[in-house]
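Have a look at the structure below before the remarks.
Sequence lines set the chain letters: A, B, ... in the order given, protein chains first and strands last, and positions in each chain run from 1.
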Amino acid sequence: MNNQEIAKLLRSVATALTLKKASIFQIRAYETASDAIEHSTSEVRDLWQEKRLDEIPGVGVSLQAHLEELFKTGSVKHFEQLKKDFPKVVFELIDIPGVGPKTALELAKLGVKSFEDLKLKINSGELVKKGFSAKIAEKISLGLKETQNRTGRMLLPFADAKAQKIVDYLKKIPGVVAADSLGSLRRQVVTIGDLDFAAASKNPKQTIDQFVKMPEVKRIIDQGENRGTVILDSGLQIDLLVGQPDTYGALLQHFTGSKHHNIKLRSFAEKKNLSLSEYGVKNTKTNKVVPILKESELYEMLGMQTPPPEIREDNGEIEAALAHKLPSLVELKDIKGDFHLHSNFPMVHPSHGPGANSIEEIIKRAINLRYDYVGISDHPPGFRTTSEKELLSILHKRTKEIEQLKSSYQKSIRVLNGLEIDILSDGTLSVPNEVLANLDYSIAGVHSVHRMEKDKMTKRILKALENPEVDILAHPTGRLLNERDSYDVDWEVIFEFAAKKNKIMEINAFPNRLDLRDDLVRLALKFKAKFIVNTDAHEISQMENMKYGISVARRGWLESKDVVNSWDWKRVLKWFKIKKS
DNA sequence: GCCGTTTTCGGCCCGACTGTTTTCAGTCG
């Protein structure tokens with residue numbers, strides 16, 4: 001069962017509780033947990049196996065037991081008991097935007113059996129005849145269409161590009177003095193559902209009026225005095241809040257979220273007789289609202305540091321900020337090199353896809369990025385299709401070329417000779433150790449037989465890491481966003497070993513990988529493991545993806561000291577025990 | 001059902017928009 005399905009199940013339970021008129025707080029607890037799971041960057045099933053369910057904000061003792069039952073038996077008796085009093089279709093209908101528990105139950109009582117059936121009953125006018133107002137029927141009809149062409153979650157580069165266009169549009173609206181993209185994009189969550197924006201203007205209504213006229217707007221969901229929601233032709237939902245310029249900081253804070261961060265923060269503020277909202281900070285005794293120009297002022301009023309947006313997930317950042325012990329997170333500008341880069345060097349029968357550019361082109365781009373060092377890590381020829389003799393001859397040629405480039409560019413950058421090799425299903429490597437010993441470093445990764453029992457996969461990776469020639473574990477979990485889940489691995493075992501034996505965990509910055517995942521980065525950090533942020537670029541323009549890997553590192557609470565490729569050359573040299581430099 | 005910088009009991013973020021409400025319910029972020 002994946003996160004989407006679990007979130008949906010918990011939403012169903014909240015719906016059943018709502019219809020049973022249960023305590024609003026119990027209902028809210030289920031909604032909160034559902035929301036947390038839907039937006040979790042790690043699979044809840046993985047967390048369960050790692051005994052880390054308690055790390056999900058809003059999941060307490062009771063829900064942990066229910067989830068345990070769910071994973072073990074496939075269902076939860078208590079949930080089924082609650083849901084059985086209502087037609088199943090109710091729990092489907094609540095997926096339609098604008099349809100909540102009450103409306104869904106009313107529809108079910110009118111005999112609606114499915115989405116298809118609902119569509120028929122709206123079109124035939126039956127719904128209106130049976131007492132629904134025409135406007136509500138129209139709203140449901142539009143919501144239904146949306147449900148059917150809903151887009152999946154976007155990868156960061158796509159969301160970035162789209163958001164930038166919208167910010168540009170907003171900034172051109174007369175009276176707008178500032179505009180920013182917020183929400184999950186500002187927090188750099190690995191996939192983005194919808195886009196949230198804030199703008200500052202003395203004339204919010206005019207701004208909203210212009211916003212809903214934006215090109216590509218297919219439908220206006222709401223349009224108020226200071227907020228608007230639209231759906232674009234692509235199905236993407238865009239939310240905008242407009243605030244007064246003198247309290248824009250409060251708006252930024254409010255709409256950056258996460259929801260859980262804000263709830264925790266506001267509960268805390270309440271104890272200090274302060275009430276936080278997008279309009280500023282209100283003293284609940286005097287009812288006076290203090291405007292907040294800069295976001296940091298709001299946190300200062302609460303006596304805490306300002307947590308960077310990437311860690312505002314209610315994962316301990318509020319406690320750390322109160323104690324003035326927030327980490328000083330690694331930044332893009334700290335990065336001094338990239339170790340995972342693929343060139344088009346002819347490998348005859350490469351084991352996996354080669355890069356598009358020459359080694360020299362990669363070096364030039366790295367110089368352009370002001371790196372101090374750069375590592376080339378092509379896939380070697382496939383071990384099944386190439387004899388060892390051929391392999392040695394090809395790699396010898398490649399080493400010669402790299403050595404030449406090393407000396408030609410030595411004044412500008414240090415070049416390292418590496419390879420990305422396969423961890424075979426038994427944990428051995430696709431290239432003999434004698435070859436690896438002649439390299440500056442090697443990256444090992446699982447590239448085949450992705451589905452394996454947890455115990456076997458753990459042993460497989462461990463065995464590869466035990467090889468003294470392996471320096472870096474590439475894209476450790478193997479997940480591909482929107483495509484493939486993480487491998488089942490006992491991560492604590494891997495991280496403990498890695499920390500002890502100086503094996504580096506890669507944070508692969510490729511936008512559909514972003515692997516190691518942020519929650520596992522945080523776990524590995526507890527074991528004091530070291531990390532490297534690499535782009536895995538197969539084309540020099542992809543070397544710009546470094547920023548996405550840095551976002552993951554930041555979401556995992558990493559500081560520069562934890563990230564090997566933010567270190568200076570001397571320290572890198574020492575770490576990899578490179579003799580020639 | 002969750003949770004702890006007044007609490008292991010007794011609270012639980014804050015606000016907007018729509019429809020059709022003449023004071024509010026339902027839904028959403």
Side-chain angles (χ1 to χ4, degrees), chain A residues 10-11 13-15 17-19 22-36 38-39 54 56-67 78-79 82 93-106 132-140 142-143 182-184 193-198 204 208 212 220-229 237-243 250-251 253-282 284 289 302-304 314 318-324:
Chain A
L10 295 180
R11 244 190 337 268
V13 176
T15 297
L17 288 169
T18 305
L19 296 173
S23 137
I24 181 68
F25 299 109
Q26 189 182 17
I27 295 165
R28 218 172 269 168
Y30 273 95
E31 282 170 348
T32 304
S34 167
D35 190 73
E38 184 165 19
H39 295 101
D54 60 334
I56 309 169
V59 173
V61 178
S62 182
L63 276 172
Q64 282 175 52
H66 290 323
L67 289 175
H78 179 55
F79 293 174
L82 287 168
L93 293 172
I94 54 166
D95 278 350
I96 302 170
V99 176
K102 311 261 163 103
T103 314
L105 184 60
E106 262 186 75
F132 270 80
S133 81
K135 268 195 172 167
I136 289 185
E138 170 70 5
K139 201 177 158 180
I140 296 173
L142 288 168
L182 304 174
S184 52
D194 52 22
L195 295 177
D196 299 317
F197 298 88
I208 296 294
V212 300
I220 300 167
I221 303 274
D222 3 270
Q223 178 177 4
E225 294 292 315
N226 60 1
R227 67 176 54 199
T229 298
Q237 179 171 323
I238 316 284
D239 293 321
L240 172 68
L241 291 185
V242 187
L251 184 53
Q253 197 288 322
H254 166 74
F255 218 22
T256 296
S258 66
K259 189 169 151 187
H260 300 94
H261 174 85
N262 283 355
I263 289 175
K264 174 77 81 71
L265 201 65
R266 288 169 180 193
S267 305
F268 174 73
E270 208 184 13
K271 288 163 199 154
K272 297 197 152 196
N273 296 315
L274 297 172
S275 172
L276 312 181
S277 76
E278 59 265 49
Y279 301 108
V281 176
K282 185 167 73 183
T284 50
V289 177
L302 297 171
M304 61 175 79
D314 187 19
I318 291 176
E319 293 80 355
L322 278 166
H324 288 262

Just the rounded figure in Å: distance from [atom2] of [N] to [atom1] of [X].
| X | N | atom1 | atom2 | value |
| --- | --- | --- | --- | --- |
| Arg28(A) | dG11(B) | CZ | C1' | 12 Å |
| Phe25(A) | dC9(B) | CZ | C1' | 14 Å |
| Phe255(A) | dC28(B) | CZ | P | 15 Å |
| Leu265(A) | dC3(B) | CG | P | 16 Å |
| Ile136(A) | dC17(B) | CD1 | P | 18 Å |
| Asp314(A) | dC12(B) | CG | P | 17 Å |
| His261(A) | dC14(B) | NE2 | P | 14 Å |
| Glu138(A) | dG19(B) | CD | P | 10 Å |

Choosing from [options], which nucleotide comes nearest the side chain of [X]?
| X | options | answer |
| --- | --- | --- |
| Glu278(A) | dG15(B), dG19(B), dC13(B) | dG15(B) |
| Arg266(A) | dG15(B), dG1(B), dC13(B) | dC13(B) |
| Lys282(A) | dG15(B), dC17(B), dG1(B) | dG15(B) |
| Lys271(A) | dT7(B), dG1(B), dC14(B) | dT7(B) |
| His254(A) | dT6(B), dG29(B), dC17(B) | dG29(B) |
| Lys135(A) | dG19(B), dG15(B), dG1(B) | dG19(B) |
| Arg227(A) | dA16(B), dT27(B), dT6(B) | dA16(B) |
| Phe268(A) | dG29(B), dT18(B), dT5(B) | dT5(B) |
| Ser62(A) | dT5(B), dC13(B), dG1(B) | dG1(B) |
| Asn226(A) | dT20(B), dT18(B), dA16(B) | dA16(B) |

Roughly how many Å apart are [M] and [N], using the [atom1] atom of each and rounding to a whole number?
| N | M | atom1 | result |
| --- | --- | --- | --- |
| dG1(B) | dT8(B) | C1' | 15 Å |
| dC13(B) | dC2(B) | C1' | 14 Å |
| dC9(B) | dC14(B) | P | 25 Å |
| dG11(B) | dT6(B) | P | 15 Å |
| dT7(B) | dC12(B) | P | 16 Å |
| dA25(B) | dT20(B) | P | 16 Å |
| dA16(B) | dT21(B) | P | 23 Å |

Residue mapping more 5' on DNA chain B - nearest nucleotide basis, Val59(A) or Pro101(A):
Val59(A)
I want to confirm an ordering. Mapping Thr229(A) and Lys259(A) to their closest nucleotides on DNA chain B, which one lands closer to the 5' end?
Lys259(A)
Lys259(A)/Glu31(A) ion pair, N-O < 4.0 Å
no
Answer whether the closest heavy-atom distance between the side chains of Ile56(A) and Leu63(A) falls below 4.5 Å.
no
Please classify the nucleic acid contact of [X] as base, sugar-phosphate, or nothing, using heavy-atom distances under 4.0 Å.
| X | answer |
| --- | --- |
| Asp239(A) | sugar-phosphate |
| Leu105(A) | nothing |
| Gln237(A) | sugar-phosphate |
| Leu276(A) | sugar-phosphate |

To check you understand the geometry: which heavy-atom pair defines the closest contact between [X] and [Y], and what is its length?
| X | Y | value |
| --- | --- | --- |
| Val59(A) | Ala33(A) | CG2-CB, 4.3 Å |
| Ser277(A) | Ala250(A) | O-CB, 3.6 Å |
| Ala269(A) | Leu302(A) | CB-CD2, 3.6 Å |

Taking only side-chain N and O atoms of [X], does any of them lie within less than 4.0 angstrom of OP1 or OP2 on [N]?
| X | N | value |
| --- | --- | --- |
| Tyr279(A) | dA16(B) | yes |
| Lys102(A) | dG26(B) | yes |
| Ser133(A) | dG19(B) | no |
| Thr103(A) | dT27(B) | yes |
| His78(A) | dG1(B) | yes |

For the CG atom of Leu241(A) and the CZ atom of Phe197(A), what is their distance to the nearest 0.5 Å?
11.5 Å
For the atom pair CG (Leu17(A)) and CD1 (Ile27(A)), what is the distance rounded to the nearest 0.5 Å?
6.0 Å
According to the Watson-Crick and G-U wobble definitions, with both distances under 3.5 Å, which nucleotide is paired to dT27(B)?
dA16(B)
Name all residues meeting the salt bridge (Lys or Arg N to Asp or Glu O under 4.0 Å) criterion together with Arg28(A); count only those two or more places apart in sequence or in a different chain, and write none if there are none.
none
Base orientation of dT7(B), chi within 90° of 0 counted as syn, else anti, reads syn
